[in-house]
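See structure below.
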Amino acid sequence: MYALVDCNSFYASCERVFNPQLEGLPVVVLSNNDGCVVARSAEAKTVGIQMGVPIFKIKELVKRHDVRVFSSNYTLYGDLSQRVMNILKRYSPDVEVYSIDEAFVGMKGMAHLEELGKSMKEAVMREVGIPICVGIGKTKTLAKIANRLAKKHKGFGGVCLIDDEIKRQKALELTSVEDVWGIGRKHAKRLSLLSVRTASDFTHLPAQWVKKHMSIVGLRMQRELQGYSCISLDLVRERKKSICVSRSFGKDIHTLDELKEALMTHVMQCGIKIREEKACASALQVFASTNRFRHDRPQYSGQLTANLLVPSDSSLELAKCAANLLQRIFKEGYGYKKIGVVAYGIIPKNEVTGNLFDAVDRDKHESLMRGLDMINAKFGKSCVQLASQGFGKKAWSLRQEHLSPCYSTSWKDMLVIKADA
DNA sequence: TCTGGGGTCCTAGGACCC
DNA sequence: TCTGGGGTCCTAGGACCC
């Protein structure tokens, strides 16, 4: 049996933990650049705010209902997430952290599953202050479905267990096919043309049809819904296959110099991620694009990939390569909205093969990067930078107008509790 | 004026090899 | 004049997830 633990309105709930006045009020959290709504408290859902809607489109709604708006604060959410996961690990050695706000917990051989679920819920609320729901089923996909029901129907008290045939049937009938884990917009549309409306309908489709139109991924989903486990717990995190850092700009950027400053900043971040993985990248891709929503302006999107002579984790080398790629994709006369870098061919550092014609002093780079990481870890990631990242005010920087403090990870942001004299 | 970011997996088709 | 078959690897694109 598997339990799926999912935090309710996670980002919005995080904001509430250190700011209890938000309790009972509609709260939303925005994507990077204060673009779209990516998390909503229950109250925000009730007043009709849709997931993913750009904030500028709901100005009126926000004003009318006094909705509290926050920029996303991943430092805060990441820290609270870890605390939640640590609690779950007390219940089972098998915890797969699936995303920042979700984890699968292996419950093999355990009894009193519903009570265990309730206990998890209470512990997380008591110790971190985050509300969660728990769904339990024979397969991961059924656990997902159970979780959805637990969220949707108050009667479950936040914990839903599917442990027999009757409950499974009932749960599948109550779930629309587009709400099944792994069925996205495209497949949902195709299925609706066949009058497949619920998860239960989907399980009755001929397997050949599913295989043909939805590949073996679809077949696997079907089997999982029928109660045959096909997706096992992923307990050791696999090595990443690609590492990407990209951002939209607060406003359009026209010059190569400014684009380069932004790109160099992303490359530096990418380098840090690569070194955290104790890995090297074999190839680097740079991409840049204009604002795809502005149909009234000329559109352009360029991308180019280059192999490195020797796989590397040195920000300096990556930066040099990226700068070169940018020069080649840059076209004058466009307003750029986004730029990014992707590292491919990620291999463990100790498996890197050298090259006879390699002219780089790798030991030197290595100690330089070690020093740089140490300083930046201690004094903030912008303490030591590349000159090419630019100085002074950055026209391209993110918009973050509603950022909350990092209550749990920064000394200066810690709450001060005043006792009444 | 203002529309996110970071991933994974699968398939088809082309290049290439013997 | 006649021009195979089997296999691997790589890439681009699609679909999906949170």
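Order of the sequence lines fixes the chain letters, A, B, ..., with proteins taken first and strands second; residue numbering starts at 1 for each chain. If you're wondering where the values come from, they're calculated on a predicted model, not measured in any experiment.
Side-chain atoms of E15(A) and Y77(A) include a donor-acceptor pair closer than 3.5 Å.
For residues 263-281 of chain A, every residue pair satisfying the salt bridge (charged side-chain N to carboxylate O under 4.0 Å, His left out) rule, not counting sequence neighbours, is listed here: R237(A)-E277(A), K240(A)-E277(A), R275(A)-D373(A). Within the structure, salt bridge (charged side-chain N to carboxylate O under 4.0 Å, His left out) contacts touching residues 288-309 of chain A (residues at least two apart or in different chains) are D252(A)-R297(A), R294(A)-D296(A). Residues in residues 122-142 of chain A take part in these salt bridge (charged side-chain N to carboxylate O under 4.0 Å, His left out) pairs, two or more places apart or across chains: R90(A)-E127(A), E96(A)-K140(A).
In this structure, the ring of Y2(A) has its center no less than 6.0 angstrom from the ring center of W181(A).
If you check every strand for non-hydrogen atoms under 4.0 Å, V245(A) touches sugar and phosphate atoms only. Nucleic acid contact for D34(A): none, since no nucleic acid atom lies under 4.0 Å from a heavy atom of the residue. Residue S72(A) is classed as having no contact, given no heavy-atom separation below 4.0 Å to the nucleic acid. Among the protein residues, K144(A) comes within range of the sugar-phosphate backbone only, with heavy atoms under 4.0 Å from sugar or phosphate atoms but none that close to a base. Using a 4.0 Å heavy-atom criterion, one finds that I183(A) contacts the sugar-phosphate atoms exclusively. I100(A) comes within 4.0 angstrom of nothing in the nucleic acid, heavy atoms only.
Position along DNA chain B of the nearest nucleotide to K211(A) versus G52(A) favours G52(A) as the more 5'-ward residue.
Taken residue by residue, residues 82-99 of chain A places heavy atoms nearer than 4.0 Å to DNA chain C at Y98(A), S99(A). Within residues 332-355 of chain A, the residues having any heavy atom under 4.0 Å from DNA chain B are, by residue number, K337(A), K338(A). Of the residues in residues 250-283 of chain A, those lying under 4.0 Å from DNA chain B by heavy-atom distance are K273(A). Remark: S215(A), I216(A), V217(A), R220(A) in residues 212-221 of chain A come within less than 4.0 Å of DNA chain B through at least one heavy atom.
Annotation: dT3(C) and dC17(B) have their P atoms spaced 23 Å apart (nearest Å).
The structure places NZ of K170(A) at 6.5 Å from CD of E173(A), a figure rounded to the nearest 0.5 Å. Rounding to the nearest 0.5 Å gives a distance of 7.5 Å between NE2 of H365(A) and OG of S312(A). Rounding to the nearest 0.5 angstrom, the gap separating the CG atom in L142(A) from the OG atom in S229(A) is 9.0 Å. Note that CD of Q82(A) and OG1 of T409(A) are 11.0 Å apart. Values are rounded to the nearest 0.5 Å. Atoms CG and OG, on N33(A) and S71(A) in that order, are 9.5 Å from each other to the nearest 0.5 Å. To the nearest 0.5 Å, atoms CG (L403(A)) and CG (D34(A)) are separated by 8.5 Å.
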Result block: side-chain N/O donor-acceptor pairs under 3.5 angstrom for residues 48-70 of chain A, not counting sequence neighbours:
{"residue": "D66(A)", "atom": "OD2", "partner": "R68(A)", "partner atom": "NH2", "Å": "2.9"}

With a 3.5 Å cut-off and sequence neighbours excluded, list the donor-acceptor pairs that the side chains of residues 321-349 of chain A form with protein atoms.
{"residue": "N324(A)", "atom": "OD1", "partner": "R328(A)", "partner atom": "NH1", "Å": "3.4"}
{"residue": "Y336(A)", "atom": "OH", "partner": "K331(A)", "partner atom": "N", "Å": "3.0"}
{"residue": "Y336(A)", "atom": "OH", "partner": "K331(A)", "partner atom": "O", "Å": "2.8"}
{"residue": "K337(A)", "atom": "NZ", "partner": "F249(A)", "partner atom": "O", "Å": "2.9"}
{"residue": "K349(A)", "atom": "NZ", "partner": "D313(A)", "partner atom": "OD1", "Å": "3.2"}
{"residue": "K349(A)", "atom": "NZ", "partner": "D313(A)", "partner atom": "OD2", "Å": "3.0"}
{"residue": "K349(A)", "atom": "NZ", "partner": "E366(A)", "partner atom": "OE1", "Å": "3.4"}

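In DNA chain B, stems built from 3 or more consecutive Watson-Crick or G-U wobble pairs, each with both distances under 3.5 Å, span B:5-18 with C:5-18.
Residues A281(A) and L308(A) approach most closely at O-CD1, 3.2 Å, considering heavy atoms. Heavy-atom minimum distance, I145(A) versus T175(A): CG2-OG1, 3.5 Å.
Salt bridge annotation for K251(A)-E258(A): absent, with no cationic side-chain nitrogen under 4.0 angstrom from a carboxylate oxygen.
Where DNA chain C meets chain A (any atom under 4.0 Å from a heavy atom), the bounding nucleotides read 5' to 3' are dA15(C) to dC18(C).
Judged as a side chain to side chain donor-acceptor pair (under 3.5 Å), and not counting sequence neighbours, Q222(A) has no contacts.
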